[in-house]
Participant: 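The structure that follows is given in the form of structure tokens.
Each chain gets a letter, A, B and so on, in the order its sequence line appears, and its residues count up from 1. Fair warning: this is a prediction, and the values are worked out from it, not measured in the lab.
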Amino acid sequence: MTIVNNLNMIKLSHIFGIIMPLHTNEVKTFKKLIEDLPKKEKEYLLSVLDYTLEHHGLQKRKSGEPYIIHPVGVAIRVFEKYHDIDLTVAALLHDIVEDCEDVSVEDIYKRFGDVVGFLVESVTKRLEVFYKYPEVDIKDRIERLIWSGLKDIRILLLKIADRENNLKTIHQLKDRKQIRMAFETQAVYTPLRRILHYNHCHSITCSEERFLTFLEKEHLKTPLEIKEYLIRESFENIDSDMFGLVYDDTESIVWHITSFDTFKRICESKALGDVIDFIEVEGNTDEFKASFQFKKGTVIPSNMKLGISTYSK
Amino acid sequence: MTPITTIDSGKDLIDDLYQRFQEYKIIQQKAFYSGKGAEKYYSLTNDQLEDFLGADNKYFKFLEDNCLVNNKDKSFAFISLGCGNAEKEVKIVELLQKNGYKTKFFGVDSSEDMIILAKNSLKKSEIDGELICADFTSEGFFQKFSKGFTDFDFRVFTFLGGTLGNVEQSFMADILYDLTQKGDKLWMEVGVRDEKTKKEDMKLFARYLDWIDNPQKRSFLVTPLELLGIQEKNGKISVQMVYEKYLDALRFVFRFRVEEKTVITLQDKTVILLPGNEISLLTIRWYDPEGLQNFFEQRNFTFVEKMTEGSRAQFLFEKK
């Protein structure tokens, strides 16, 4: 489908009162943001935006909003933070291979080059072999992401921005998916965000330096070591295998905490208190244990450490 | 002189306690209210008692307006199940009789010590009453009284002092179902949750956590251990909070975990407790008003009215 055809379709859909992807606030904001870029870069980004609009077309989110607001929202975030063209392009394209049957990783490499191709490929789920690194055999989704992040830190920054945007609409997902997304965020992305100083670093170099310093300090080398370190930041007694089990079946998990102060903080936090069910709370002056399950997904404040109490399929 | 009928004596209660403990390591809640337990219970709940007695007219009006307004010419039995020292009940019955109601008071308690306290309360008043020393969940009581109290047009069963929350709920509700007849009233005093939030739940938990360190409260908690001859130093007390979905209630259970091998002799039989053995002590419940209402409505009771003051609530039901 050409851009012209797509615009015709958009005009047609306008007649029936459907919200047009092209007219969303996100698209308008993005265009305004890149207004002052040099002509060549601006035109390039606009052409990528058109490509994204063409392929995501009239796809809808669970909320009924045009799907396009998500990739454009992520692109706005990374552009505002880093002003990096390749990263912004990758943000616009980051879901295209997953969600559009007519676009392959190879298409992205060929059309947008190796850098963007690798960025998009690395954040795309369900891919087993890297297009440019067929010899690399990493099955685990998170380890695969970390392996790529070690090559190009922008992959981790893109994934964090993607998750940040997805969390805004987490409540529109089914309960099971909410819990799963919340768990993965807590286990991987919240600690990663902290390590990369995501909130405070406003350049890719700054985050990269933070990451390298961290790896050196903690003597971490392999993606598996890094993944397990990240998980341990939030949860007690959970290794990579357990993470996989839990991720696949988050609803069956009973969490436990052994600190009364943590229990108190969870109860006082309305956001958390509303989305968990305590199964059992027991204590005396020397010992304390509280077990609970999540009703729906939520991200646990990063300074709370939880431990898996029981797990059953 | 107040007549006293004894179905279960103090010895029966102790024998029952020993036997249940030997067989199932279960402590019945009534064990808390015999011997020194009776005295300890009132030292803990004196404030509540005084609040009730200070506003007795309000409670009387609550009962009168909602249950008795069209029944002035009818006679009824005012039966307190687990009457304790019966001070609250005596006050209400005094007001009923003073206001021309044809009623007679029956106080039922499994503890001989409580019955003695109730006798003293009745002695100070001029009400027409009778005391029954019995476990009202027992077969003996059921045989004698399930079809009893029939000299009256209807009956008002009361469960004051929040002790409803101590016992197994479905069992108790079924007993009440069998004991009551169409048109009988049920008046229950219970603890209710102010808000169903984790924050409030946590505050309740913290409150019971403090009980473990409070000498007076701890002394009440270990009452049954003393009756069984288990030394408090041989274990640790903890409190457990569990949400009961079927009732929408919070259940708090104080538990004693044995940490040192303990050998006791009950009725010439040896009971050996090893480290890790757990004994449930006192159970307390905090209800959600709607949950409790629904629980009794499912058992053929019609909700009549409730009166809530802070964390205490009075509920009135009528048997269909």
Participant: First locate atom CZ of Phe295(B), then atom OG of Ser170(B), and finally report the distance between them rounded to the nearest 0.5 Å.
Facilitator: 4.0 Å

Participant: Give, for atom CD of Glu50(B) and atom OG1 of Thr45(B), the distance between the pair rounded to the nearest 0.5 Å.
Facilitator: 10.0 Å

Participant: I'd like to check the salt bridge (charged side-chain N to carboxylate O under 4.0 Å, His left out) partners of Glu309(B); sequence neighbours left out, ordered by chain and number.
Facilitator: Lys58(B)

Participant: Among Leu209(B), Val253(B), Ile212(B), Val239(B), which residue has the highest count of heavy-atom pairs closer than 4.5 Å to chain A?
Facilitator: Val239(B)

Participant: What is the ring orientation for Tyr41(B) with Phe220(B), classed by angle as parallel under 30°, tilted 30 to 60°, or perpendicular over 60°?
Facilitator: tilted

Participant: Nearest 0.5 Å please: distance from the CG atom of Asn166(B) over to the CE atom of Met172(B).
Facilitator: 9.0 Å

Participant: Within a strict 4.5 Å, meaning less than it, do heavy atoms of the Asn277(B) and Phe256(B) side chains meet?
Facilitator: no

Participant: Quick check for you: to the nearest 0.5 Å, what is the distance between Phe205(B) atom CZ and Met241(B) atom CE?
Facilitator: 6.5 Å

Participant: Mind jotting down which residue pairs meet the disulfide (SG to SG under 2.5 Å) criterion with at least one end in residues 164-201 of chain A? Sequence neighbours excluded, please.
Facilitator: Cys201(A)-Cys206(A)

Participant: Identify which part of Ile237(B) has an atom lying under 4.5 Å from any heavy atom of chain A, answering side chain, backbone, both or neither.
Facilitator: backbone

Participant: Identify the residues of residues 21-39 of chain B whose heavy atoms come closer than 4.5 Å to a heavy atom of chain A, ordered by number, or report 'none'.
Facilitator: none

Participant: Could you please show the donor-acceptor pairs under 3.5 angstrom between chain B and chain A, with distances rounded to 0.1 Å?
Facilitator:
unit_1	atom_1	unit_2	atom_2	d
Lys198(B)	NZ	Gly273(A)	O	3.1
Lys198(B)	NZ	Ile276(A)	O	2.8
Lys199(B)	N	Cys267(A)	O	3.4
Lys236(B)	NZ	Asp286(A)	OD2	2.7
Ile237(B)	O	Asn284(A)	ND2	3.3
Ser238(B)	OG	Glu282(A)	OE2	2.8
Val239(B)	N	Gly283(A)	O	2.9
Val239(B)	O	Gly283(A)	N	2.9
Gln240(B)	NE2	Glu280(A)	OE2	3.1
Met241(B)	N	Val281(A)	O	2.6
Met241(B)	O	Val281(A)	N	3.0
Arg255(B)	NE	Glu282(A)	OE2	3.3
Arg255(B)	NH2	Glu282(A)	OE1	2.7
Arg255(B)	NH2	Glu282(A)	OE2	3.2
Arg257(B)	NH2	Glu287(A)	OE1	3.0

Participant: Atom CG of Leu225(B) and atom CG of Asn234(B): how far apart are they, to the nearest 0.5 Å?
Facilitator: 10.0 Å

Participant: Could you give the distance from CG (Leu160(B)) to CG (Leu81(B)), rounded to the nearest 0.5 Å?
Facilitator: 9.5 Å

